[in-house]
Each structure stands twice: as C-alpha cells, then as structure tokens.
Asks: 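One structure follows; several queries about it will come next.
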Amino acid sequence: MIDIKFLRENPDIVKENIKKKFQDHKLVLVDEVIDLDKKNREAMRHGDELRNERKTLSNEVGNLMKNGKKDEAESIKAKVQEINAELEKNEALENQYAEEIKARMMKIPNIMDASVPIGKDDSENVENEKFGEPLVPTYEIPYHADIIESLSGLDKESAGRTSGNGFYYLMGDVARLHSAMIAYARDFMINKGFTYCVPPFMIRSDVVNGVMSFEELEAMMYKIEGEDLYLIGTSEHSMIGKFKGQIVKEEELPICLTSYSPCFRKEVGSHGLEERGLYRVHQFEKEEMIVICKAEDAMDWYNKMWSYTVEFFRSLDVPVRTLECCSGDLADLKVKSCDVEAWSPRQQKYFEVGSCSTLGDAQARRLSIRAKGEKGNYLVSTLNNTVVASPRGLIAVLENNYQEDGSVLIPEVLRPYMGGLEKMTPKK
RNA sequence: GGAGAUUUACCCAAGUGGUUGAAGGGGACGGUUUGCUAAACCGUUAGGGUUUCGUAAGGGGCCGCGAGGGUUCAAAUCCCUCAAUCUCCGCCA
C-alpha cells in the first residue's frame, strides 16, 4: 500500500511502476483514486462543517436550558436534528469513498526499487550470484523421500490415515536432523545479534488481513472453527503483527528478531501438493528473521539478510544461488525480493529454500507501524527472510551430503545437535 | 469455562450527560537561586490521524478517554458487543 499523498503528487511514477510490472489493467485505478480522493476530501470538509455546527448549537441548548428558556432550546434541538439527518447522509458518502479508495489502493503495487530487473513472470527472474560449487556426483542421488525412507525416517502412510495427504511423520535420526537444523538456525541468528522469539502460532483475523490480501488468505490460511483465529502460514505474520498499531522509539531501531514456528498452509494455489515428497506440504517448521528499521537502512539490511541465509547453507555444505524476482513476479507489496535456492544434485538444478524481501513502508502503512523520532513520527521499513524451513532445508542437506553407499554425512555444525553423530546409515 | 473488579497522557489518578478546550500528583524537561549537587520556588509537558488557510513562520476545523456500535440536541460519563489486565473458583500440560 503506497502513500496516497505520493500518488496524488506523482501519478506518473505510480503508473510507470504499474507498467513495469505488466499490470496495465491497473492503470485506470490511479485516475480513479485521484478522482475519488478529491470527492472524499470535499465530503470530509462538508462533514466537518456540519459537526462543528452541531457542537456549537448543542452547547447553546445547554446554556438555554440552564437559563430556563425551554422554547428556544426546543427550536435549536429541531435544527440540530436536521443537521444530523444531513450528516448521516454525508457520513455514508464519506465511508463509501474511503472504502472505494482503500479497495483500489490495496491493488496498486508498491513502488519497486530501481534495481529490480524488468520481466513478465518467474521465467525471467535473474540469477544474481552462485555460492559454492554445484556438485554433479558420479553416482545417482535418489529422490529425497526415498533417501529418508531408507534411513527409516519417514512414514507418510500413517500420516495419510491420521491427517491426510500433505502430512508426514519424520522419524528417528532424520527427525532429529530436522530439529537440529532449526536449532542450529536459531543459534546462528542469535550469533548475528538477532533476538530469539517464539511467537503465537495462531492470529486473529484483523492481523491476517493486515499482512495479506483476501485471495492469499483463502489460498493459504487454516481457520479455527468457531473462533476468530487462523493458524499462521509463517511466523512473519505474528512477528510483524506484533507491531500492529504501535509506535516504537527511534532509538530501538533496528529491531532484529529471529523466530521459530511451525507453519501451516492449505496450498490450494497453482502447484498443489506433491504426491510422494516433502517439498510442498501442509505443515513445516521454519526459522525466520525480520527487521524493522529506518527507510534509509532498509537496503543495507536487505543485503545482509539474504547473505545470512547464504552463509547458513554454506555452513551446511549446500551450494546455493540467489535468484532475484523480476518486476512481473514481484508481489505487489514488495520493493525488492530474492530467493535463496539450494542446489539439488539429483535434479541438477536449484530449488527454492528461502525468500528475502524488503517491503519499504507499505506493510507498515497497512498495519500502522511507526517510529517516534525527534522530527515526529514516521512509518518504518519492514523486511523478512527465511533462515531455514524444513523439510525443504532437510532435502537440501540430505541430497548434498548423500554418499555412494547410501549413507548421509551430517554436516559438522549440526553434529553437536545430533549427539555427536557423524553419519546416518541405512539399516539394511 | 464461571463470578467480580478494572482500562483516562511517560506513570499514578479525578471525573455518572452540557466552559472537559480532560483536574491533581509524580516523573521528565527548561529556568531562578547556587562554588557544585540536592532541596525549594517558577514555568513547560495530550498525543495521534486528517483536512484547510498561508510563500513561510504559523493559524483554523474535524476525530480522539481500551476497540467497535447505539441512545441523545449534546457522551470519558448512559446502553450493547468485543478485547485486555487483576482477584477468586473450575479445568488442564
């Protein structure tokens, strides 16, 4: 959500930005908003006048009553009732304009950073940089679910019975490795100076509506029956929601938090669930990082944040690359975003394990998150990024550390979390 | 889950229908006094959103007493719904 003042003063920039995102059908929204905004301000001014008049006259009624001039008071009362009738009509108009403006503002995309590459869709995303040598082993790497099964680490059949498709039981050492990664990610971020946080795993509808659109909500969120609660799809929801309507002190910035949570997703979107694997599932666990900072520091943090994820995966001997979201693939709320992708030696290609975004002040405007500074209050910038999500991160580690004999080496940094175990070997 | 109490500014707190344009403390800040500090005294300290006038400095208007509705000529004050906090009971890891 961009600033309506900015739109008022720079309609051409807003339109140019829409064109760069190949959303030409939204161009008309800009002029509509300008027109509605004008009408709305007119209505507001009229309403203010009426309210002012009512206040003055009501006070007069009080004075007249005190002095026993009942008849005069009655005639003024009648006058105020007329004003109220008009005010009611006018307020309906004010509300209508405000709603129509908001509906359009929600659809107008955030102004992208100048560095975002122009492209129509995800096929035109741009590889920024590779980290680590993408190894092509001389032996075949099995499908990740088969690796996990060979290590007696997976039971999808039982999960199917208890919960249905998209769920899984992780078992034994593999389950432990999964938890080890999350725990290591937590400590990794704490060492970067982030504050660790375990947030609520359910949030109310007003928070959900603040962090995502209705369409996204329908596609992702599980609702608790009979309660005003949703299971979170990522801890970003509760972590950013934490600051909804708040004014933080400038000296507290930047706020750097790292949070653990399970994540629940309906995944009713285009891709759907995978039959066998653990790549796309209804439930996973994630270590997340969020930063709330001043606008001028946002780009520095953005670069630091994705590089933390790169560093994290490199410490697990997983080759990665960063893939920048092109204009057409960039979500409307974001200023700039890139995915961190891990190398899959089986598929000989990279796959997404994390996503780093800077949203400028758009999210803060929507949720009203401000900082109190010397020159007054201002909207903060918000950023979020994945440290690691598992099982997806688990897949990357298993494939990249798979040995010819079917065993899997445990990356050194994870061994302390595995009771010193160095290697997982198939039972048979 | 049940019963009761509470929610006003940085903190405490007065305020049950009409100069509340929100009292009074505390704290903070500024000043006087002072060799310095403290004390005392004086002063300042209600924000936030938005709109409008003005080149600007600045001045108006509207909203704002947990949130949202309602009653009324008029709401911090009366009514309803919701949320949070505290106490007790129940239940439970």
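In what follows, chains are A, B, ... by sequence order, proteins preceding strands, each numbered from 1.
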Asks: Hey, would you say the A:F264 and A:F284 ring centroids sit under 6.0 Å apart?
Replies: no
Asks: Has A:R392 got its NZ or CZ under 6.0 Å from the middle of the six-membered ring of A:Y279, at an angle within 45 degrees of the ring axis?
Replies: yes
Asks: For B:rG2 versus B:rC11, give the span between their C1' atoms, rounded off to a whole number of Å.
Replies: 34 Å
Asks: For atom C1', what is the distance between B:rG18 and B:rA76, given to the nearest Å?
Replies: 14 Å
Asks: Using a cut-off of less than 4.0 Å, is there contact between a side-chain N or O of A:R204 and OP1 or OP2 of B:rA84?
Replies: yes
Asks: Nearest whole Å is fine: how far is B:rU71 P from A:E88 CD?
Replies: 8 Å
Asks: Check the distance between B:rG66's C1' and A:Q246's CD and give it to me in whole angstrom.
Replies: 13 Å
Asks: Quote, to the nearest angstrom, the C1' distance that separates B:rA9 from B:rU81.
Replies: 27 Å
Asks: Can you check the distance between B:rU50 and B:rA93, where both ends of the measurement are the C1' atom (answer in whole Å)?
Replies: 49 Å
Asks: Say you pick atom P in B:rC91 and the same atom in B:rG15; how far apart are they, in whole Å?
Replies: 40 Å
Asks: Grab the two heavy atoms, one from A:S368 and one from A:R370, that are nearest each other, plus how far apart they are.
Replies: OG-NH2, 3.4 Å
Asks: Toward the 5' end of RNA chain B, which comes first, A:V80 or A:R51, by nearest nucleotide?
Replies: A:R51
Asks: Atom CG of A:D206 to atom P of B:rU81: distance rounded to whole Å?
Replies: 20 Å
Asks: Could you tell me whether A:E324 and A:K336 have a side-chain N and a carboxylate O separated by less than 4.0 Å?
Replies: yes
Asks: Does a salt bridge link A:E74 with A:K77, judged by any charged N lying under 4.0 Å from a carboxylate O?
Replies: yes
Asks: Using the P atom in both, what is the distance from B:rA83 to B:rA23, to the nearest Å?
Replies: 33 Å
Asks: Please figure out whether A:A78 or A:E53 has its closest RNA chain B nucleotide nearer the 5' end.
Replies: A:E53
Asks: Examine B:rA74: is either OP1 or OP2 under 4.0 Å from a nitrogen or oxygen in the side chain of A:N84? Give yes or no.
Replies: yes
Asks: Pick base, sugar-phosphate or nothing for A:R365, based on heavy-atom distances below 4.0 Å to the nucleic acid.
Replies: nothing
Asks: Once you apply the 3.5 Å cut-off to both distances, tell me the Watson-Crick or G-U wobble partner of B:rU20, or none.
Replies: none
Asks: Under 4.0 Å between a side-chain N/O of A:R370 and OP1 or OP2 of B:rG48, yes or no?
Replies: no
Asks: May I ask you to decide whether A:D329 forms a salt bridge with A:K21, counting only side-chain N to carboxylate O separations under 4.0 Å?
Replies: no
Asks: Once you apply a heavy-atom cut-off of 4.0 Å, does A:K55 come out as touching a base, just sugar-phosphate, or nothing?
Replies: sugar-phosphate
Asks: Scan every strand shown for a Watson-Crick or G-U wobble partner of B:rG49, both distances under 3.5 Å, and answer none if you come up empty.
Replies: B:rC62
Asks: Please tabulate, one pair per line, each protein N/O and nucleotide N/O from nucleotides 59-61 of chain B that are separated by under 3.5 Å, including the distance.
Replies:
| residue | atom | partner | partner atom | Å |
| --- | --- | --- | --- | --- |
| B:rG61 | O3' | A:N52 | ND2 | 2.9 |
| B:rG61 | N2 | A:D48 | OD2 | 2.6 |

Asks: Run the side chain to side chain donor-acceptor pair (under 3.5 Å) test against A:N84 and tell me which residues pass, sequence neighbours left out.
Replies: A:R54
Asks: Any Lys/Arg nitrogen of A:R104 or A:E32 sitting under 4.0 Å from an Asp/Glu carboxylate oxygen of the other?
Replies: yes
Asks: With both distances under 3.5 angstrom, what nucleotide forms a Watson-Crick or G-U wobble pair with B:rU85?
Replies: B:rA5
Asks: Applying a 3.5 Å limit to both distances, which nucleotide forms a Watson-Crick or G-U wobble pair with B:rG43?
Replies: B:rC29
Asks: In whole Å, what separates the C1' atom of B:rA75 from that of B:rG68?
Replies: 15 Å
Asks: Should B:rA13 form a Watson-Crick or G-U wobble pair with both distances under 3.5 Å, which nucleotide is its partner?
Replies: none
Asks: Across all strands shown, which nucleotide pairs with B:rA76 by Watson-Crick or G-U wobble geometry, both distances under 3.5 Å?
Replies: none
Asks: Quick one: salt bridge (Lys or Arg N to Asp or Glu O under 4.0 Å) partners of A:K334, sequence neighbours excluded?
Replies: none
Asks: Quick one: A:I247 CD1 to B:rA46 C1', roughly how many Å, whole number?
Replies: 12 Å
Asks: Report, one line per pair, each donor and acceptor closer than 3.5 Å where one atom sits in a side chain of residues 40-49 of chain A; sequence neighbours left out.
Replies:
| residue | atom | partner | partner atom | Å |
| --- | --- | --- | --- | --- |
| A:R41 | NH2 | A:D37 | OD2 | 3.4 |
| A:H46 | NE2 | A:E86 | OE2 | 2.9 |
| A:D48 | OD1 | A:R51 | NH2 | 3.1 |

Asks: Can A:K223 be said to sit on top of A:Y230's aromatic six-ring, NZ or CZ under 6.0 Å from centre and within 45° of the ring axis?
Replies: yes
Asks: For B:rC92, what is the paired nucleotide under Watson-Crick or G-U wobble rules, both distances under 3.5 Å?
Replies: none
Asks: Round to the nearest Å and state the distance from A:Q81 atom CD to B:rU71 atom P.
Replies: 12 Å
Asks: Taking N or O atoms only and anything under 3.5 Å, show me the protein contacts with nucleotides 16-20 of chain B, one pair per line.
Replies:
| residue | atom | partner | partner atom | Å |
| --- | --- | --- | --- | --- |
| B:rG18 | N2 | A:S58 | O | 2.5 |

Asks: Would you mind reading off the distance between A:L87 atom CG and B:rC63 atom P, rounded to a whole angstrom?
Replies: 9 Å
Asks: Pairs under 3.5 angstrom only: tabulate donor-acceptor contacts from the side chains of residues 168-184 of chain A to other protein residues two or more places apart or in another chain.
Replies:
| residue | atom | partner | partner atom | Å |
| --- | --- | --- | --- | --- |
| A:Y168 | OH | A:Q283 | O | 2.5 |
| A:R176 | NH1 | A:M418 | O | 3.4 |
| A:H178 | ND1 | A:S390 | OG | 2.7 |
| A:H178 | NE2 | A:E285 | OE2 | 2.8 |
| A:S179 | OG | A:A175 | O | 3.3 |
| A:Y184 | OH | A:S315 | OG | 2.6 |

Asks: Could you check how far CG of A:L50 sits from P of B:rC63, rounded to whole Å?
Replies: 11 Å
Asks: Taking atom C1' in both B:rA67 and B:rU8, compute the distance separating them and give it to the nearest angstrom.
Replies: 15 Å
Asks: For the pair made of CD in A:E91 and C1' in B:rG68, what is the distance, rounded to whole Å?
Replies: 15 Å
